[in-house]
Amino acid sequence: MTWLLVIVGAAVGAPLRYATDRAVQVRHLTVFPWGTCAVNVLGCLVLGALVGAADAGAVSPAVRSLLGTGLCGAFTTYSTFSYETLRLCERGRNGLALANVLVSVLAGLGAAALGLISVRWLAG
Amino acid sequence: MSGGDDERSGAGEPYVSRRAEPYGSRGANPYGDPAAGPGPAAGPDPDMGPVPDPDIDPGVDPDVDLHVPTRRAELAGGRAWPVFALLACGGALGAAGRYGLALLLPARAASFPWATFLTNALGCALIGVLLVLLTEGGRRGHPLLRPFLGTGVLGGFTTFSTYAVDVVGLLDEGAAGLALGYLAGTLLVALGAVWLGVTVTRRLVRRAARSRRATA
């Protein structure tokens with residue numbers, strides 16, 4: 001059953017990542033991979049909130065598997081993030097590569113913490 | 001940033017108008033062709049690196065790089081739904097693999113999240129291998145292979161959100177050293193893995209191309 005929930009969540013998460021990435025990429029003219037960065041930070045915020053809600057007992061393990069392991073897991077990506085960082089280095093854009101790592105990691109951690117703490121605070 | 005903007009300014013679609021050698025002859029000066037004429041691309045451009053074939057250039061963002069004409073057209077007309085359906089199938093397969101690995105290596109409280117670590121390292125190595133195979137050596141795979149395997153399967157397999165939430169979780173449990181080790185360890189291993197995947201595959205692809213030319 002959990003397998004099915006993960007698969008269904010991911011079947012929504014992966015196309016949603018592509019659509020979000022695309023929506024961001026058409027709105028700027030730089031080589032900085034804002035699309036993947038946005039997707040990852042947004043996914044961290046949602047998963048942080050979900051884990052906070054699950055810890056507070058507000059969300060069942062089934063919903064956590066569906067939306068957490070499935071949807072957020074497939075919505076965010078480490079492989080594309082790493083590959084983009086390498087591509088920026090290969091193009092001699094080392095500063096942008098470093099910026100991509102710092103922005104993605106710091107904003108991702110901040111978003112995860114924000115989601116977790118705000119839901120905890122709401123749950124009292 | 002300015003170099004990135006330059007790539008798009010001027011002609012509107014400089015990537016399309018620039019005639020480039022395919023990756024197979026990457027070592028050669030891509031501007032050596034006199035037909036290419038002078039223009040802004042004359043002479044080596046340290047900002048750009050080798051100028052790729054616009055149709056198969058992996059770009060920076062392998063999922064969505066709208067510099068790449070075939071990718072700009074991916075959702076045009078009635079082609080959107082097959083792409084979304086493939087991404088859903090690929091993402092589901094990748095996530096099932098990730099979940100399977102998590103069951104094999106169950107996480108305990110305040111311990112190193114090995115399952116997610118290995119998932120991300122493996123997925124990064126594989127995307128390096130995949131994208132070189134699909135875009136270098138003058139090869140063109142089926143146009144839906146990259147979205148299915150790269151964006152779908154590997155994108156669904158690897159995860160950034162679980163990584164970040166696990167780091168925050170470890171910090172929350174007071175395991176600051178472990179959190180920092182996991183944070184930096186994943187980053188270094190993932191970047192190393194994608195570099196290794198790209199470098200080794202590129203070498204093999206070039207060797208295969210050389211031996212094809214030698215026998216031809």
Side-chain angles (χ1 to χ4, degrees), chain A residues 2-3 6-15 17-19 21-22 25-26 29-33 35-36 39-40 43-44 46-48 51 65 68-70 72-88 90-93 96 101 104-105 108-109 111-113 115-116, chain B residues 1 3-5 7-8 46-49 58-66 75 83-84 87-92 94-96 98-99 102 120 123-124 126-128 131 147 150-152 154-165 167-169 172 183 186-187 190-191 193-195 198:
Chain A
T2 309
W3 282 95
V6 171
I7 284 171
V8 169
V12 175
R17 164 162 41 82
Y18 177 80
D21 191 358
R22 209 176 161 94
Q25 292 301 84
V26 296
L29 288 173
T30 66
V31 288
F32 193 85
T36 308
V39 155
N40 281 340
C44 289
V46 174
L47 188 65
V51 168
S65 296
T69 314
C72 286
F75 183 66
T76 59
T77 171
Y78 218 100
S79 48
T80 304
F81 158 72
S82 304
Y83 181 78
E84 287 167 351
T85 306
L86 180 73
R87 285 293 297 170
L88 288 170
E90 284 187 339
R91 292 183 163 205
R93 315 299 294 270
L96 283 185
V101 168
S104 297
V105 169
L109 288 179
L116 192 72
Chain B
M1 274 303 172
D5 296 335
E7 285 172 30
R8 305 211 186 183
D47 244 13
M48 284 286 300
V60 169
D61 181 340
D63 299 348
V64 182
D65 196 316
L66 302 172
L75 295 185
V83 172
F84 280 123
L87 292 175
C89 294
R98 171 164 42 84
Y99 180 61
N120 283 335
C124 288
L126 289 178
I127 203 161
L131 288 169
T151 316
L154 292 177
F157 183 61
T158 60
T159 172
F160 198 91
S161 50
T162 309
Y163 160 73
V165 169
V167 170
V168 171
D172 196 38
L183 174 79
T186 298
L187 201 55
L191 292 174
V194 71
W195 176 82
V198 163

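Here is the naming used below: chain letters follow the sequence lines, and residue numbers restart at 1 for every chain.
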Inset, instruction - Using a cut-off of under 4.5 Å on heavy-atom pairs, state which of B/A164, B/G128, B/A193 scores highest against chain A. - result: B/A164

Legend entry - Contact leader toward chain A among B/G91, B/S161, B/A88, B/C124, where contacts are heavy-atom pairs under 4.5 Å: B/S161

Legend entry - Selection from A/A74, A/G9, A/A10, A/P15 maximising heavy-atom pairs under 4.5 Å formed with chain B: A/P15

Inset, instruction - Taking the side chain as every heavy atom from C-beta outward, state whether A/I7 and B/Y99 have any pair of such atoms under 4.5 Å apart. - result: no

Legend entry - Closest approach of B/A96 to A/W3 (non-hydrogen atoms, all atoms of both residues): O-CZ3, 3.3 Å

Inset, instruction - Check whether A/S104 gets within reach of chain B through its side chain, its backbone, both or neither, counting any heavy atom under 4.5 Å. - result: both

Inset, instruction - Heavy-atom distances under 4.5 Å only: say whether A/T69 touches chain B with side chain, backbone, both or neither. - result: both

Inset, instruction - Determine the option with the most heavy-atom pairs under 4.5 angstrom with chain B, choosing from A/T2, A/L47, A/V8. - result: A/L47

Inset, instruction - Please report the closest heavy-atom contact between B/R98 and A/G73, naming both atoms and the distance. - result: NH2-C, 3.2 Å

Inset, instruction - Find the distance between CD1 (B/I127) and OG (A/S79) and round it off to the nearest 0.5 Å. - result: 4.0 Å

Legend entry - Which atoms of A/L86 approach chain B - backbone, side chain, both or neither, heavy atom under 4.5 Å: side chain

Legend entry - Value rounded to 0.5 Å, distance of CG in B/L183 from CG in A/L109: 5.5 Å

Legend entry - Shortest non-hydrogen separation from B/V165 to A/A112 and the atoms involved: CG2-CB, 3.8 Å

Inset, instruction - Give, as side chain, backbone, both or neither, the part of A/V101 having an atom under 4.5 angstrom from any heavy atom of chain B. - result: side chain

Inset, instruction - Under the side chain to side chain contact (heavy atoms under 4.5 Å, CB included) rule, what do A/Y78 and B/L154 come out as? Steps first, then yes or no, please. - result: CA-CA 9 Å; A/Y78 218 100; B/L154 292 177; over 6 Å; no

Inset, instruction - Pick one of side chain, backbone, both or neither for B/Y163, based on which atoms fall under 4.5 Å of a heavy atom in chain A. - result: side chain

Inset, instruction - Calculate, to the nearest 0.5 Å, the distance between atoms CZ and CG belonging to A/F81 and B/L191 respectively. - result: 6.0 Å

Inset, instruction - For chain A, find which of B/L87, B/T158, B/T151 contributes the most heavy-atom pairs closer than 4.5 angstrom. - result: B/T158

Inset, instruction - Might you work through the side chain to side chain contact (heavy atoms under 4.5 Å, CB included) test for B/V83 and A/Y18, ending with a clear yes or no? - result: CA-CA 10 Å; B/V83 172; A/Y18 177 80; 4.2 Å; yes

Legend entry - B/L131 and A/R87, any side-chain heavy atoms less than 4.5 Å apart: no

Legend entry - Test log, rule side chain to side chain contact (heavy atoms under 4.5 Å, CB included), inputs A/V39 and B/F160: CA-CA 9 Å; A/V39 155; B/F160 198 91; over 6 Å; no

Inset, instruction - Give the member of A/G43, A/A14, A/A19, A/S82 that has the highest number of heavy-atom pairs under 4.5 Å with chain B. - result: A/S82

Legend entry - Best-contacting candidate, A/T76, A/T80, A/V105, A/T77, against chain B by heavy atom pairs under 4.5 angstrom: A/T76

Inset, instruction - Please state whether the side chain, the backbone, both or neither of B/L126 comes within less than 4.5 Å of a heavy atom of chain A. - result: neither

